[in-house]
K.L.:
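Can you read through this structure? Questions will come right after.
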Amino acid sequence: MITKKNFLIMGVTMFVLLFLFQFSQIMKESGNEYDVNSYAGDASLNRKDAWQKSPQKDVLKMDGYVLFVGNGKSDIGKTVSWWCTYTKRELVICKSVEDCPADVTKKAEILLLESSYVTEKEELETLTEMAQRGGSLVFCDLPGASEISSSHQWKELLGIREVKEEKQEIQGANLFSGFLLGGQAVYLPADEKEKQERQDLEQSTAWYEICTGSKVYMTGMVSDSSVKNEELPPLIWRASVGKGKVFAVNGSFMRDCTGIGMLNAILAEIKPYDLYPVVNAQCMGVANFPGLAAENPGKMKELYSRELPAVFRDIIWPGLCSAVEKSGAHLTCYLAPQFDYGDGEEPRNDQLVFYLRQLKEKEAEAGLTLEYVSAGDLNQKMKADQSFFQSSGSHYRYGAAYVPPGGAAYSIEKLKDYGFFEHIQTVAGLYSADRPVISYLTDEITLQSITSTGISHTYKEDIRMKSLQTALGYTNIVLDMNHIAWPEKEEDRWEIVSERFSSQINTYWKAFEMFDQISASECDRRIRNFLAMDYEDSREGDEIHVSIKERNGDLWFILRTHGEKVVSVQGGDFKRIEADAYLIRASQEELTIRCEPEDSLYYYLP
């Protein structure tokens with residue numbers, strides 16, 4: 001039997017608990033300014049502020065430039081040009097070795113070569129002399145194995161003892177640690193499923209036996225288990241020629257942005273230390289999510305027994321939040337008011353409010369998508385979306401947009417006539433070898449390339465990811481939900497996509513957790529600052545001095561050393577990435593980085 005006293009205590013307790021729950025929810029609701037994008041703001045920098053390479057005639061009067069022998073418009077030429085822009089290096093392009101400046105070994109920091117532009121015996125002899133005098137040469141690709149086999153000059157220059165096989169089948173590759181950031185990676189399929197899903201590396205290569213004293217950074221893997229590791233077909237190596245070093249890339253790695261990080265890795269091998277700027281941005285987005293209209297009802301009822309808004313809200317959103325929270329990402333959701341603009345289903349305002357509240361609570365950002373399933377054209381979509389946002393009464397400032405693969409919307413400037421689109425300052429588009437990874441898309445809008453879909457991670461994609469992390473401290477994962485709303489095959493079901501997405505984002509990016517997880521608009525600001533800045537560095541004793549020009553907020557650098565550790569940074573701070581690699585934050589225009597040996601017995605061998 002409950003006494004009056006106990007009943008009163010229970011009643012008061014229940015009332016207090018109810019009040020606390022209700023009060024906390026009221027405070028949560030009142031403090032959630034869901035209609036405000038705290039990440040978006042007015043850009044203070046644009047294309048005219050970006051650092052530009054000087055005219056070639058002026059560069060020839062300078063010291064420390066990069067000399068490229070090849071076609072500046074080829075795939076390799078583009079890679080070299082982008083790398084120079086990102087690292088703030090001046091570039092000189094020559095079409096042949098005989099066109100190179102006479103004092104190239106004294107004035108050029110490094111000589112990069114496209115093999116098809118080295119055709120004469122005399123040119124090979126000239127390059128060998130440059131290396132012997134202490135020059136650093138990089139062959140971004142190699143001539144055919146038969147040409148090397150028949151040429152003593154090629155063998156001497158590349159450090160090749162003999163050509164063992166002109167064409168050798170390989171099953172995978174072994175990327176050794178200490179070259180690209182992220183440690184060693186063995187790209188060898190464990191079974192037929194992995195081979196089908198991930199093995200997209202070249203299946204054959206020329207097999208060279210290289211000279212003693214050379215250093216190998218990557219090898220091919222052959223089926224013969226009796227072949228020792230040091231005898232495997234080298235894919236990237238360094239040979240010693242006199243006082244100089246000659247690097248050889250046996251493959252197509254330099255023909256896209258993968259080559260950018262490899263050039264940084266090569267410079268780190270040549271120099272006693274290498275310091276270069278990075279973006280420091282790990283971005284994660286979901287394109288075409290959420291959908292705000294009850295579309296494709298037949299398929300949604302068949303697969304999930306509910307309408308599309310309920311599928312997104314009750315099934316996908318909780319799973320997405322769980323995966324993202326494990327990774328620590330700041331999510332950007334590029335929402336889709338509608339997919340089909342002719343089915344009569346209209347987007348719902350209550351869904352917009354729900355997701356803006358949810359994104360605010362999760363410290364995430366809402367963006368816009370330019371993709372659609374069915375519409376007369378992009379203008380029809382934009383007009384319909386404009387009408388929806390006006391009627392919703394929302395004043396959310398959208399700073400980022402998603403452009404679908406092959407979308408004509410890269411003429412994006414004209415879309416700013418639509419009011420809800422006028423604040424777009426950055427665009428996420430799928431990576432293409434034809435465009436830089438990060439750049440200005442227009443005078444005012446930046447491009448941040450999507451480097452991963454979150455559900456595909458092939459061997460090539462993993463090497464490219466490591467290379468971009470090495471070069472820029474940058475990745476941009478965007479999962480496209482269009483195939484979830486409009487599935488075409490069994491693999492488009494959310495439970496399958498979710499499992500792959502969660503597994504991949506919490507596996508392959510673990511080695512780069514020291515880089516910042518940020519939203520698309522935050523990344524836009526860092527890209528603008530990164531493209532605008534310039535710097536100079538020098539070393540005296542155990543201190544590296546850095547002077548920064550055009551600093552607009554914090555900037556980041558990667559410092560790669562040889563057996564040294566960073567012990568302090570004046571004007572900023574630092575994080576250790578891995579052995580001999582540090583992330584440096586610059587909060588002032590002048591930095592002083594103090595280093596000391598990891599081991600007093602260690603000394604640097606160039």
Side-chain angles (χ1 to χ4, degrees), residues 24-43 279-292 312-336 350-369 394-402 423-428 446 448 450-452 454 473-479 481 498 501-502 504-506 509-510 512-529 553-554 556 575 583 585:
S24 63
Q25 185 63 29
I26 291 171
M27 291 298 294
K28 186 177 179 181
E29 292 289 335
S30 64
N32 186 343
E33 296 181 294
Y34 68 89
D35 214 25
V36 175
N37 184 355
S38 57
Y39 298 116
D42 293 327
V279 180
N280 184 22
Q282 308 290 286
C283 301
M284 185 179 296
V286 186
N288 298 300
F289 177 88
L292 306 179
F312 279 147
R313 183 186 65 244
D314 301 336
I315 299 176
I316 296 176
W317 179 240
L320 199 58
C321 288
S322 176
V324 169
E325 284 171 3
K326 289 179 183 177
S327 72
H330 280 196
L331 193 65
T332 301
C333 290
Y334 301 95
L335 63 86
D350 64 319
Q351 292 296 306
L352 176 64
V353 172
F354 171 79
Y355 282 108
L356 290 181
R357 289 187 184 278
Q358 291 292 311
L359 292 174
K360 192 71 174 182
E361 289 180 13
K362 300 295 182 182
E363 298 183 330
E365 180 180 13
L368 300 170
T369 182
S394 173
H395 299 288
Y396 193 88
R397 180 171 177 165
Y398 298 94
Y402 167 77
H423 297 296
I424 295 294
Q425 294 183 163
T426 189
V427 165
T446 60
Q448 40 185 292
I450 296 167
T451 59
S452 173
Y474 169 84
T475 195
N476 191 5
I477 306 168
V478 176
L479 175 65
M481 305 294 282
S498 175
F501 179 70
S502 180
Q504 293 202 21
I505 65 174
N506 290 297
W509 284 266
K510 281 291 184 183
F512 306 103
E513 290 180 326
M514 73 295 303
F515 293 125
D516 290 347
Q517 303 268 9
I518 58 178
S519 72
S521 288
E522 290 177 294
C523 184
D524 166 60
R525 286 193 293 276
R526 294 196 180 188
I527 288 173
R528 292 172 193 270
N529 293 345
D554 289 351
W556 287 265
K575 295 179 184 177
L583 179 66
R585 181 180 68 91

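Keep in mind it's a predicted model, so treat the numbers as computed, not measured. Hydrogens, waters and symmetry mates play no part in the numbers below; they use all other heavy atoms, side chains included.
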K.L.:
Of all residues at least two apart in sequence or in a different chain, which pass the side chain to side chain donor-acceptor pair (under 3.5 Å) check with Glu522?
P.N.:
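Applying side chain to side chain donor-acceptor pair (under 3.5 Å) to Glu522 gives Ser519.
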K.L.:
Does Lys360 use its side chain to pair, donor to acceptor, with the backbone of Asp35 at less than 3.5 Å?
P.N.:
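No; zero donor-acceptor contacts below 3.5 Å.
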K.L.:
Donor-acceptor pairs under 3.5 angstrom involving side-chain atoms of residues 326-335: please list them, not counting sequence neighbours.
P.N.:
unit_1: Ser327; atom_1: OG; unit_2: Val324; atom_2: O; d: 2.8
unit_1: Ser327; atom_1: OG; unit_2: Ala329; atom_2: N; d: 3.3
unit_1: Thr332; atom_1: OG1; unit_2: Ala520; atom_2: N; d: 3.1

K.L.:
For the rings on Tyr355 and Tyr34, is their centre-to-centre separation under 6.0 Å?
P.N.:
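Judged by ring-centre distance (under 6.0 Å), Tyr355 and Tyr34 do not meet the cut-off.
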K.L.:
Not counting sequence neighbours, which residues clear side chain to side chain donor-acceptor pair (under 3.5 Å) with Ser452? List them please.
P.N.:
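Ser452 satisfies side chain to side chain donor-acceptor pair (under 3.5 Å) with no residue once adjacent residues are dropped.
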K.L.:
Determine whether Phe289 and Ile316 satisfy the following criterion, side chain to side chain contact (heavy atoms under 4.5 Å, CB included), listing intermediate values before the conclusion.
P.N.:
CA-CA 10 Å; Phe289 177 88; Ile316 296 176; 3.8 Å; yes
K.L.:
Hey, does Leu320 have a side-chain heavy atom less than 4.5 Å from the side chain of Val286?
P.N.:
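Yes, their side chains come closer than 4.5 Å.
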K.L.:
For Ser521, run the side chain to side chain donor-acceptor pair (under 3.5 Å) check against Arg397, Glu365, Gln425, His423 and tell me which one passes.
P.N.:
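Filter result, single survivor: Glu365.
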K.L.:
Applying side-chain contact (heavy atoms from CB on, under 4.5 Å), can you list everything that pairs with Thr426, at least two apart in sequence or on another chain?
P.N.:
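side-chain contact (heavy atoms from CB on, under 4.5 Å) list for Thr426, sorted by chain: Ala400, Thr446, Gln448, Asp524.
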K.L.:
Test your reading of the model: is there a side-chain donor-acceptor pair from Arg525 to the backbone of Gly553, 3.5 Å cut-off?
P.N.:
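Side chain of Arg525 to backbone of Gly553, a donor-acceptor pair under 3.5 Å: no, none is there.
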K.L.:
Could I get the full list of side-chain contact (heavy atoms from CB on, under 4.5 Å) partners for Phe354, not counting sequence neighbours?
P.N.:
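So Phe354 forms a side-chain contact (heavy atoms from CB on, under 4.5 Å) with Arg313, Gln358.
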K.L.:
Given Cys283 and Thr475, is the side chain to side chain contact (heavy atoms under 4.5 Å, CB included) satisfied, shown in steps?
P.N.:
CA-CA 6 Å; Cys283 301; Thr475 195; over 6 Å; no
K.L.:
Examine distances only and state if a side-chain atom of Asn288 and a backbone atom of Met481 form a donor-acceptor pair shorter than 3.5 Å.
P.N.:
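Looks like no, no N/O pair under 3.5 Å.
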K.L.:
Suppose we screen for side-chain contact (heavy atoms from CB on, under 4.5 Å). Which residues come up paired with Glu325, at least two apart in sequence or across chains?
P.N.:
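Cys321, Lys362.
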K.L.:
Which atom pair, heavy atoms only, marks the closest approach of Ala323 to Ile505?
P.N.:
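That would be O-CD1, 3.8 Å.
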K.L.:
Could you tell me if the side chain of Phe501 sits less than 4.5 Å from the side chain of Ile477, heavy atoms only?
P.N.:
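Yes - at least one pair of side-chain heavy atoms lies under 4.5 Å apart.
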K.L.:
For side chain to side chain donor-acceptor pair (under 3.5 Å), just list the numbers for Asn476 and Thr451, CA-CA rounded to whole Å, side-chain angles, deciding distance to a tenth of an Å, and then say yes or no.
P.N.:
CA-CA 5 Å; Asn476 191 5; Thr451 59; over 6 Å; no
K.L.:
Run the side chain to side chain donor-acceptor pair (under 3.5 Å) test against Ser502 and tell me which residues pass, sequence neighbours left out.
P.N.:
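Not a single residue meets the side chain to side chain donor-acceptor pair (under 3.5 Å) criterion with Ser502.
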K.L.:
Relative to each other, are the rings of Tyr398 and Tyr396 parallel, tilted or perpendicular (30° and 60° limits)?
P.N.:
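Answer is tilted, since the angle falls between 30° and 60°.
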K.L.:
If the condition is side chain to side chain donor-acceptor pair (under 3.5 Å), which residues does Asn506 pass it with, not counting sequence neighbours?
P.N.:
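Asn506 satisfies side chain to side chain donor-acceptor pair (under 3.5 Å) with no other residue.
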K.L.:
Excluding sequence neighbours, so at least two apart, what forms side-chain contact (heavy atoms from CB on, under 4.5 Å) with Asp516?
P.N.:
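If we apply the side-chain contact (heavy atoms from CB on, under 4.5 Å) test to Asp516, skipping adjacent residues, the hits are Asn280, Ile518, Arg526, Trp556, Lys575.
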